[in-house]
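See below for the structure under consideration.
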Amino acid sequence: MYNSSTGYLYVKSDVYGFGVVLLEMLTGLRALDTKRPNGQQNLVEWLKPSLSNKRKLKSIMDIRMEGQYSTEAALLAVQLTLKCLESEPKNRPAMKEVVETLERIEANR
């Protein structure tokens, strides 16, 4: 990803992009959708604040995945998504950590 404020690509830009894909997978929604109401068109901007609220987790998850994951696996996936979507690239995990977390999620399914 290109950072328009600095004009540089970050090493962890792909991690952010992966976080967007994770959010799409968890919610079953597209990252950008102009057919959604104002304030909901950008999935990350709309749902990122809700990801840290455990009580909102069930309402965020794609209902088509219901019964296919444990609560612990869902929490790990949401926590990983939040880490990947960190505003500061240096605070995002390395892809090695992402893979390790995905393996833990698979084990907790």
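Just so it is clear, the model here is predicted, and its values are computed rather than measured.
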Worksheet entry | Considering all heavy atoms, the nearest Gly19-Cys84 contact | CA-CB, 3.5 Å
Worksheet item: With Glu97, which residues qualify under side chain to side chain contact (heavy atoms under 4.5 Å, CB included), at least two apart?
Response: Lys83, Pro93, Thr101
Item to complete: Starting at CG of Leu26, measure out to OG1 of Thr81 and round the result to the nearest 0.5 Å.
Response: 4.5 Å
Item to complete: Rounded to the nearest 0.5 Å, what's the gap from CZ on Arg36 to CG on Leu29? Could you check?
Response: 5.0 Å
Discussion item. Quick check: closest heavy atoms across Met95 and Val15, and the distance to 0.1 Å?
Written reply: SD-CG2, 3.7 Å
Fill in: side-chain hydrogen bond (donor to acceptor under 3.5 Å, both in side chains) partners of Asp33, counting only residues at least two apart
none
Worksheet entry | Partner set under side chain to side chain contact (heavy atoms under 4.5 Å, CB included) for Ala31, not counting sequence neighbours | Val20, Glu24
Discussion item. Restricting to side chain to side chain contact (heavy atoms under 4.5 Å, CB included), what partner residues turn up for Asn91, sequence neighbours left out?
Written reply: Glu86, Glu88
Distance-only criterion, 3.5 Å: show the donor-acceptor pairs between side-chain atoms of residues 43-61 and protein atoms not counting sequence neighbours.
| unit_1 | atom_1 | unit_2 | atom_2 | d |
| --- | --- | --- | --- | --- |
| Lys48 | NZ | Leu85 | O | 2.8 |
| Asn53 | OD1 | Arg55 | N | 2.9 |
| Ser59 | OG | Lys56 | O | 2.7 |

Worksheet entry | Residues Glu100 and Arg104 bridged, charged N to O under 4.0 Å | no
Practice prompt. Decide side chain to side chain contact (heavy atoms under 4.5 Å, CB included) for Gln41 and Leu32; before the verdict, give the C-alpha distance in whole Å, the side-chain angles of both, and the deciding distance to 0.1 Å.
Written response: CA-CA 6 Å; Gln41 294 179 355; Leu32 295 172; over 6 Å; no
For residues 70-77, dump all side-chain donor-acceptor pairs below 3.5 Å to protein atoms at least two apart in sequence or in another chain.
| unit_1 | atom_1 | unit_2 | atom_2 | d |
| --- | --- | --- | --- | --- |
| Ser70 | OG | Ala73 | N | 3.0 |
| Ser70 | OG | Asn108 | O | 2.7 |

